[in-house]
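Basis for what follows: all heavy atoms, side chains included, without hydrogens, waters or symmetry-related copies.
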Amino acid sequence: LNPLKHLDPFGSVLLPILTYSLGGFLVGWAKPVPYNPYNLRPGRWSEAIVAGAGPLVNLAIALAFGLLVRFGASAGLGATLIHLDGSKLLFAFFPQDAQRLRAFFERYSFLLLILFIFFLWQYLSPVIGLIFSLMTGFSL
């Protein structure tokens, strides 16, 4: 639960500063939470349940800060952007025989994310803007 243990000097500090100052948007990451897969029950859903905890906590944090921004703007609170992830949760929906596809996504996920941002962002940004404005009361 200690957020300082998850800070990555490059992904949590330097890259967000660079991307915001050069492009006006934030991209970053934190260190993953280690877990022992031998402590899980057999089956493909066990890993998905563990992986689902991260995105659920991120959504809860985003919702909490969104509500703080929406109702606490008069108190001087600013907006906070939260990056969400959860590839292992997505992989639980892959068929059992798709391990090669999973390995491909794990290996090239960062490159695919960059390509997604540059080529598909125009289609996703209206949805993100709507969710942001519903949560915070501000428009992007």
For a quick test of reading the model, state the closest non-hydrogen atom pair linking P55 to A51 and the distance between them. CD-O, 2.8 Å

Output for pair (D97 CG, Q99 CD), nearest 0.5 Å, gives 8.5 Å

Same cluster or not: W29 versus L18, using hydrophobic residues (I, L, V, M, F, W, Y) connected whenever any side-chain heavy atoms lie under 4.5 Å apart? yes

How far apart are the closest heavy atoms of V27 and T19, and which atoms are they? N-OG1, 3.3 Å

Hey, what do you get for CG (L115) to OH (Y108), rounding to the nearest 0.5 Å? 12.5 Å

Any idea which heavy atoms bring G11 and P16 closest together, and the distance? O-CD, 3.4 Å

Side-chain heavy atoms under 4.5 angstrom apart, residues restricted to Ile, Leu, Val, Met, Phe, Trp, Tyr: same cluster for I114 and F10? yes

Group every Ile, Leu, Val, Met, Phe, Trp and Tyr by side-chain heavy-atom contacts under 4.5 Å, then state whether L22 and I17 land in the same group. no

Considering residues at least two apart in sequence or located in another chain, which fulfil the side chain to side chain contact (heavy atoms under 4.5 Å, CB included) criterion with L130? S133, L134

All heavy atoms of S12 vs all of A30, minimum pair found to be OG-CA, 3.7 Å

If you define the side chain from C-beta out and look only at heavy atoms, does anything of F116 sit under 4.5 Å from L112? no

Identify the two heavy atoms, one from V13 and one from P9, that lie closest to each other, and give their separation to 0.1 Å. CB-O, 3.3 Å

For residues K31 and K5, report the shortest heavy-atom separation together with the two atoms involved. CD-O, 3.8 Å

